[in-house]
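The first residue in the sequence is number 1, and the count goes up from there. Note that the coordinates shown come from a computational prediction; the quantities given were computed from them, not determined experimentally.
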Amino acid sequence: MPYSVSLRRLAPCLLLAGLAACSSTPERAVGGQDPRFQPAAASDMLAQTGWELARWTRPGGALRPVPHASTRSRPLTVSFFHERGAPRMAGYAGCNQYSASYTVANGLLIVRDRPVATEMACAPDSMKLEQDFLAGMTRITASSLDNVNNPQRMTWVLSSGDTLDFGRRTDPIAGGQQGPTKLVYVNSQRVPCSAGAGRAMCYQVRDSAAQPWQLWYGDITGFRFQPGIRYRLRVVEVRDPNPPADASSVRWVLDAVVEQEIVPR
């Protein structure tokens, strides 16, 4: 069943942690932190993904013409990435390049401010499509992915009733940087650890099933962790040129969830 989210229809507990996590009381970390509640970056399933607009459906079912690569036209695109820890989206809007900040709240894509775009002039039809596309980003009322761990289709529903369907394309370079790709295992529970001047919840990771678990003090950008599930991930390892104080300069960006296994308690 496709993963679909609308803030007005689904309970936050279901969206944040799933039925299994909601039905049981998680262990508390030092200081009372609930391990179900991850940093914003960890719950951003869009991070490190790239898309092109495949279909624009108007209210009533009529299709609005949009450019496609198959007709030798340049498609409208959007890519999501984290720039120095801040979520950003960017792409081509039909005439100009654009960029904007975004938030994923309980699975819903939110773009509060109209994207900033270059100012090239184009044909009237292209300009109209671009204006509607950029304005529509701030009017998303529901968003959905066909698969949270490895999505290939994304859908936006706008307040106007228009529906925009996107197909997965080449993902952006992680954080604007190239880096080596590696496979890692992530254990089913995070554990308390010392991070800089305070306490935190760290991932337990290892490179192979034969190795002991080791602590990973950093974040895994784009990874939507759920307690009780053991993962095997493909990540891109990048260096942050301006890491926070007492933080590692190395960080991981999720490329794909290769395997996942429910671990019985």
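Rounded to the nearest 0.5 angstrom, C202 SG and W216 CH2 are separated by 10.5 Å. Note: L158 CG to T141 OG1 = 7.0 Å, rounded to the nearest 0.5 Å. Rounding to the nearest 0.5 Å gives a distance of 15.5 Å between SG of C122 and NZ of K128. Rounding to the nearest 0.5 angstrom, the gap separating the CD atom in E259 from the CZ atom in R230 is 11.5 Å. For the atom pair OG of S188 and CD1 of I262, the computed distance is 11.0 Å after rounding to the nearest 0.5 Å. Between F225 atom CZ and N187 atom CG the span is 8.0 Å, to the nearest 0.5 Å.
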V186 and L233: side-chain contact (heavy atoms from CB on, under 4.5 Å), yes or no, with the steps?
CA-CA 7 Å; V186 178; L233 309 179; 3.7 Å; yes
As a quick check of understanding, evaluate side-chain contact (heavy atoms from CB on, under 4.5 Å) for I110 and I140, giving each step before the final call.
CA-CA 7 Å; I110 299 173; I140 299 171; over 6 Å; no
Tell me, with the steps shown, if I229 and V263 meet side-chain contact (heavy atoms from CB on, under 4.5 Å).
CA-CA 6 Å; I229 299 178; V263 178; over 6 Å; no
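The shortest side-chain heavy-atom distance between R88 and S101 falls under the 4.5 Å cut-off. V78 has its side chain within reach of Y98: a pair of non-hydrogen atoms, C-beta onward, lies under 4.5 Å apart. Residues F166 and T77 are not in side-chain contact: their nearest non-hydrogen atoms beyond the backbone lie 4.5 Å or more apart. Side-chain contact check for P75 versus V66: every heavy-atom pair is 4.5 Å or farther apart. Residues F133 and L164 meet the side-chain proximity criterion, which asks for heavy atoms closer than 4.5 Å. Within the 4.5 Å cutoff, the side chain of H68 has no heavy atoms near those of the E52 side chain. Put simply, the side chain of L46 reaches to within 4.5 Å of the side chain of L145, judged on heavy atoms. With a 4.5 Å cut-off on side-chain heavy atoms, T163 and T155 count as touching.
When every heavy atom of G94 is checked against every heavy atom of S126, the shortest pair comes out as O-CB, 4.0 Å. The two residues A100 and V111 make their nearest non-hydrogen contact at CB-CG1, 4.3 Å. What you find for S160 and P59 is that their closest heavy atoms are O-CG, 3.3 Å. Here the shortest heavy-atom pairing between A121 and C95 reads C-SG, 3.9 Å. V191 and Q204 make their closest contact through CG1-NE2, 3.4 Å (heavy atoms, listed as atom of the first residue, atom of the second, distance). Minimum heavy-atom separation, L129 to P67: CD2-CD, 3.7 Å.
Within 6.0 Å of CD in Q214 there are 12 or fewer heavy atoms belonging to other residues, nucleotides or ligands. Under a cut-off of 6.0 angstrom, the local environment of CZ in R114 is crowded, with over 12 non-hydrogen atoms contributed by other residues, nucleotides or ligands.
With hydrogens and angles left out, the side-chain atoms of T138 and R112 include no donor and acceptor closer than 3.5 Å. For the residue pair E130 and N96, a side-chain donor N or O sits within less than 3.5 Å of a side-chain acceptor on the partner. Checked by atom type, the side-chain pair R168/T49 shows no donor-acceptor distance below 3.5 Å.
No continuous path of hydrophobic side-chain contacts links L76 to M127 [ILVMFWY only; heavy atoms under 4.5 Å]. L254 and V184 fall within a single hydrophobic cluster, where Ile, Leu, Val, Met, Phe, Trp and Tyr are joined by side-chain heavy atoms under 4.5 Å apart, directly or via other members. Following chains of ILVMFWY side-chain contacts shorter than 4.5 Å, one cannot reach L108 starting from V157, and the two form parts of different hydrophobic clusters. L134 and M89 fall within the same hydrophobic cluster, defined by Ile, Leu, Val, Met, Phe, Trp and Tyr side-chain heavy atoms under 4.5 Å apart, directly or through other members. Each of Y185 and W252 belongs to its own hydrophobic cluster when Ile, Leu, Val, Met, Phe, Trp and Tyr are linked at side-chain heavy-atom distances under 4.5 angstrom.
Geometrically, R190 engages Y203 in a cation-pi contact, judged by NZ or CZ lying under 6.0 Å from the ring centre and within 45° of the ring axis. With a 6.0 Å cutoff to the six-membered ring centre and a 45° limit on the axis angle, R169 does not count as a cation-pi contact of W51.
Not counting sequence neighbours, W156 has no partner by the side-chain hydrogen bond (donor to acceptor under 3.5 Å, both in side chains) test. Remark: R232 engages no residue in a salt bridge (charged side-chain N to carboxylate O under 4.0 Å, His left out) (not counting sequence neighbours).
A salt bridge between D219 and R251 is absent, with no side-chain N of the basic residue lying under 4.0 Å from a carboxylate O of the acidic one.
Of the possible polar contacts, one joining the R206 side chain to the Q211 backbone as a donor-acceptor pair under 3.5 Å is found. Side chain of S143 to backbone of L109: a donor-acceptor contact under 3.5 angstrom is found.
The salt bridge (charged side-chain N to carboxylate O under 4.0 Å, His left out) analysis of residues 54-71, with sequence neighbours excluded, yields the pairs R55-D165, R64-D132.
Between Y102 and F80, the ring centre distance stays below 6.0 Å.
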